[in-house]
Chemist: 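The structure that follows is given in the form of structure tokens.
Just so you know, residue 1 is the first one in the sequence shown, and it goes up from there. Numbering of ligands and ligand atoms starts at 1, following listing order. Small disclaimer: the values here were computed from a predicted structure and weren't measured.
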Amino acid sequence: MTIEACDFKGKKVIVRVDFNVPLDENGKVTDETRIKGALPTLKKVLNDGGSVIMMSHMGKPKGKVNPKLSLSQIVSNVSNNLGVDVKFAPDCANAQAEADALKSGEALLLENLRFYPEEEGKPVGIDKADPQYEEAKKAMKTRQKKFAKKLASYADLYVNDAFGTAHRKHASTAVIADYFDENSKMLGFLMEKEVNAIDNVLKNAKHPFTAIIGGSKVSSKLGVLKNLIDKVDNLIIGGGMGFTFFKAQGGSIGNSLHEDELMPEALNVLRTAVEKGVNVYLSVATVAGNRFSNDADQQIFETHRIPDGWEGMDASPASLAIWKEVILSSKTILWNGPVGVFEFENFAKGTGEIAKYVAQATQNGAYSLVGGGDSVAAVNKFGLADKVSYVSTGGGAMLEAIEGKVLPGVAAIKGEN
Ligand code: AMP
């Protein structure tokens, strides 16, 4: 079932949203982006004449009630955005009465799901090394099913619109789907957009397909590199992670960030790229600083000849000129990770340029997906978020998706593929 095709008239609909919004020390919401992201789905249900039961987690209360992480603090924000007075159920596992009382066009928000350990389904208070752990895990899985069944009992239909937690097999993101038949569960609009964006690059990419992978560590991007190497024509490797590749090839990288233990993997990636005919574009020269600071002295070195006392902190004009040509001749672009320490104004130029090239390629007709971690902050910083095809909201979930992993939250509704 698709949300567009569904008529919610007279139905009670439980929607897993991602209202894990940042709060200040007084419990005031400081950024409503995630609330706004769920509005198309919530409004569709209400406009059709259904009633909506919203459920979410906030923070990491680790299975215990924690007033600082109570979703009661966001009720007025949700009400204002939705345009209806949202009711609140202070115990998500005992909200039958509130759910039963809901009338068409009304909305109810359940308290933080993670006040119950059943939501995440991990046994609490027992160490993994404990011989009783497996037993405790099994018992918790049974409790998780019961918890999910309870949540399901509040509603006729289930919608998952929380892409940010789609990589977790939690009660509200995956297990609950077992209690609804195929025609009674669906992805929300935000989830659909994310899933379509991933399919556009991983399944239906137009070629040439270029991935720009940056960021700090090879270790956190290895899965991404391994999955993409089968799919892309061009692989641009930038940022701090690039230096591990240079060191592995025998270059001098000065004080640049690197992971010695990842050097064999880096060489593997390069070898596989040659086998598969993928063009790899490492940086040719690097803007280095004499210390890790915005005010550091700057000098440009060839990336394999950085002297001691200097560390690579941004992409150089020479690298950018090559990358620009590759990006502008691409039909599909996936960008994950900045190509320099973009948080420092004086080392943000390279990342800003990449954002511009991706925007320009998009204007010329390429499909571009920016996602997974800091690259999102980068396109926002340079004001180019609306000039790329899609900016993913789900950091960890997007990363796992581009690693080629099945997302439990999506699989629970759409099946394994
Ligand atoms: P990630 O979360 O892995 O995408 O990494 C993002 C982080 O990588 C940002 O905080 C950047 O400052 C950092 N980064 C990018 N390039 C470098 C570099 N050359 N040296 C140190 N950190 C870097």
Chemist: What are the atoms of ligand 1, with element, lying closer than 4.0 Å to any heavy atom of Met313?
Modeler: 19 (N)
Chemist: Which residues pass the side chain to side chain contact (heavy atoms under 4.5 Å, CB included) test with Ile126, sequence neighbours left out?
Modeler: Pro123, Asp130, Gln132, Tyr133, Ala136
Chemist: I'd like to know whether the aromatic ring centres of Phe292 and Phe344 sit less than 6.0 Å apart in this structure.
Modeler: yes
Chemist: Mark up the atoms of ligand 1 that fall under 4.0 Å of a heavy atom belonging to Gly312, in ascending order.
Modeler: 18 (C), 19 (N), 20 (N)
Chemist: Consider only side-chain N and O atoms of Glu192 and Thr2, and report whether a donor and an acceptor are under 3.5 Å apart.
Modeler: no
Chemist: Using heavy-atom distances, let me know which of Gly242, Ala348, Gly340 sits nearest atom 15 (C) of ligand 1.
Modeler: Gly340
Chemist: May I ask you to list the atoms of ligand 1 that are less than 4.0 angstrom from any heavy atom of Gly239?
Modeler: 16 (N), 19 (N)
Chemist: Enumerate the atoms of ligand 1 whose separation from the nearest heavy atom of Glu343 is less than 4.0 angstrom.
Modeler: 9 (C), 10 (O), 11 (C), 12 (O)
Chemist: Where the closest heavy atom to atom 23 (C) of ligand 1 is concerned, which of Thr351, Leu399, Val341, Thr286 has it?
Modeler: Val341
Chemist: By number and element, which atoms of ligand 1 are closer than 4.0 Å to a non-hydrogen atom of Leu257?
Modeler: 21 (C), 22 (N)
Chemist: Suppose the criterion is side chain to side chain donor-acceptor pair (under 3.5 Å): which pairs have a residue in residues 309-326, not counting sequence neighbours?
Modeler: Ser316-Ser319
Chemist: Please identify which atoms of ligand 1 are closer than 4.0 Å to at least one heavy atom of Gly337.
Modeler: 4 (O)
Chemist: Where does Glu311 meet ligand 1, judged by heavy-atom distances below 4.0 Å: at the side chain, the backbone, both, or neither?
Modeler: neither
Chemist: Under a plain distance cut-off of 3.5 Å, with no hydrogens placed, do Arg16 and Thr173 share a side-chain donor-acceptor pair?
Modeler: no
Chemist: Between ligand 1 and Phe243, is the shortest N or O to N or O distance under 3.5 Å?
Modeler: no
Chemist: Using a plain distance cutoff, I'd like to know if Ser216 has any nitrogen or oxygen under 3.5 Å from a nitrogen or oxygen of ligand 1.
Modeler: yes
Chemist: Do any heavy atoms of Phe347 fall under 4.0 Å from ligand 1?
Modeler: no
Chemist: Walk me through it: do Glu259 and Ser219 pass the test side chain to side chain donor-acceptor pair (under 3.5 Å)?
Modeler: CA-CA 8 Å; Glu259 293 165 287; Ser219 49; 2.5 Å; yes
Chemist: Please confirm whether Phe342 and Phe347 have ring centers closer than 6.0 angstrom.
Modeler: no
Chemist: Do NZ/NE/NH1/NH2 and the carboxylate oxygens of Lys381 and Glu345 come within less than 4.0 Å?
Modeler: yes
Chemist: Could you check whether any heavy atom of Lys221 sits closer than 4.0 Å to an atom of ligand 1, since that is the contact criterion I want to use?
Modeler: yes
